[in-house]
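The basis for the numbers below is simple: all heavy atoms, side chains too, and nothing from hydrogens, waters or symmetry mates. Residue numbers count from 1 along this sequence.
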Amino acid sequence: MTAQEALHVAIFIEERNAEIYTQFAELFAEFRDSESLQIAQAFWDMAEEERHHGTMLQERYFERYGTQHCVVTEEDIRDLIEVPRLENGEIFAIIRSKTTQSPHFKALEIALTAEESAQKFYARLIPRTEDQALQKIYKELAEFEDGHSRFLREKIEVVRRATGGKEA
């Protein structure tokens, strides 16, 4: 993968995660209980941070490549990283789900998968990138995503403790 393609994929990751977190924030806000509103706020904050990362990466892309188009498809990206997707119908399915997993747990689990996937992607790019400025950005992003993963693991553990070790 070229540096241009890696930067393009990184932008995609940040934009995709921002969208997922916005959807989750809206989902949790609908529950209107105190815990759900706290989780909604956390997802709104994460979405904002992801948007900030995406903007930062877009600026770097423009500095290096201008308006030069990069041909990396979503299918190509799926080959590089695990791409958790959440469609609108799935949000409603989570809300109405009668499975053993609560909407809280399922949302946190999907977000954790997204963050871990992004962190692994950035960590793999660091030693493969010769450009020192890009290496620094990828390291910073890997650390941010690792922090998000820790936060989500803690929230998942809170849900497990609250339900006696179950995901309900």
Residues forming a side chain to side chain contact (heavy atoms under 4.5 Å, CB included) with Glu157, sequence neighbours excluded | Arg160, Arg161

Student check: side-chain heavy atoms of Ile11 and His53 closer than 4.5 Å = no

What are the two closest heavy atoms between Ala142 and Ile126, and how far apart are they?
-> CB-CD1, 4.5 Å

Closest heavy-atom contact between Leu112 and Ile156?
-> CD2-CD1, 3.7 Å

Do you know which two heavy atoms are closest between Pro127 and Ala123, and how far apart they sit?
-> CD-O, 3.2 Å

Sidechain-backbone polar pair: Gln135 side chain, Thr129 backbone, donor-acceptor under 3.5 Å = yes

Not counting sequence neighbours, which residues clear ring-ring contact (aromatic ring centres under 6.0 Å, His included) with Tyr122? List them please.
-> none

Minimum side-chain heavy-atom gap Tyr21-Trp44 below 4.5 Å | no

Polar contact flag, side-chain donor to acceptor under 3.5 angstrom, Gln119-Glu115 | no

By side chain to side chain donor-acceptor pair (under 3.5 Å), which residues pair with Glu145, not counting sequence neighbours?
-> His148

Residues two or more places apart in sequence or in another chain: which of them pass salt bridge (Lys or Arg N to Asp or Glu O under 4.0 Å) with Arg150?
-> Asp146

What closest approach, in Å, do Ala29 and Ala40 show between heavy atoms, and which atom pair accounts for it?
-> N-CB, 3.7 Å

Do Phe28 and Leu37 have side-chain heavy atoms sitting under 4.5 Å apart?
-> no

Side chain to side chain donor-acceptor pair (under 3.5 Å) partners of Gln41, counting only residues at least two apart | Asp45

Just jot down the side chain to side chain donor-acceptor pair (under 3.5 Å) partners of Tyr138, sequence neighbours excluded, or say none.
-> none

Using the test side chain to side chain donor-acceptor pair (under 3.5 Å), find all partners of Thr55 that sit at least two apart in sequence or belong to another chain.
-> none

State which residues pass side chain to side chain contact (heavy atoms under 4.5 Å, CB included) with Lys120; sequence neighbours excluded, sorted by chain then number.
-> Arg124

Sequence neighbours left out, what passes salt bridge (Lys or Arg N to Asp or Glu O under 4.0 Å) with Glu49? Give chain and number order.
-> none

Any side-chain heavy atom of Glu35 within less than 4.5 Å of one from Ile39?
-> yes

Using atom types as modelled and distance alone, determine if a side-chain donor or acceptor of Thr22 lies under 3.5 Å from a backbone N or O of Ala18.
-> yes

4.5 Å side-chain heavy-atom contact, Leu141 and Leu57 | yes

Taking side chain to side chain contact (heavy atoms under 4.5 Å, CB included) as the test, write out the residues that go with Ala42, two or more places apart.
-> Phe151

CA sep, side-chain torsions, deciding dist, call: Ile110, Phe24, side chain to side chain contact (heavy atoms under 4.5 Å, CB included) = CA-CA 10 Å; Ile110 292 169; Phe24 283 153; 3.8 Å; yes

Can you tell me which residue pairs pass the side-chain hydrogen bond (donor to acceptor under 3.5 Å, both in side chains) test with a partner in residues 58-67, sequence neighbours excluded?
-> Gln4-Tyr61, Glu15-Gln58, Arg64-Asp131

Say you draw a straight line from CG of Leu7 to CD1 of Ile137; how long is it, rounded to the nearest 0.5 Å?
-> 7.0 Å

Residues in side chain to side chain contact (heavy atoms under 4.5 Å, CB included) with Glu140, at least two apart?
-> Met56, Phe144

Taking the side chain as every heavy atom from C-beta outward, state whether Arg153 and Glu116 have any pair of such atoms under 4.5 Å apart.
-> yes

Report the C-alpha distance between Arg16 and Glu14 in whole Å, list the side-chain angles of each, state the deciding distance to 0.1 Å, and finish with yes or no for salt bridge (Lys or Arg N to Asp or Glu O under 4.0 Å).
-> CA-CA 5 Å; Arg16 183 231 32 229; Glu14 299 305 317; over 6 Å; no

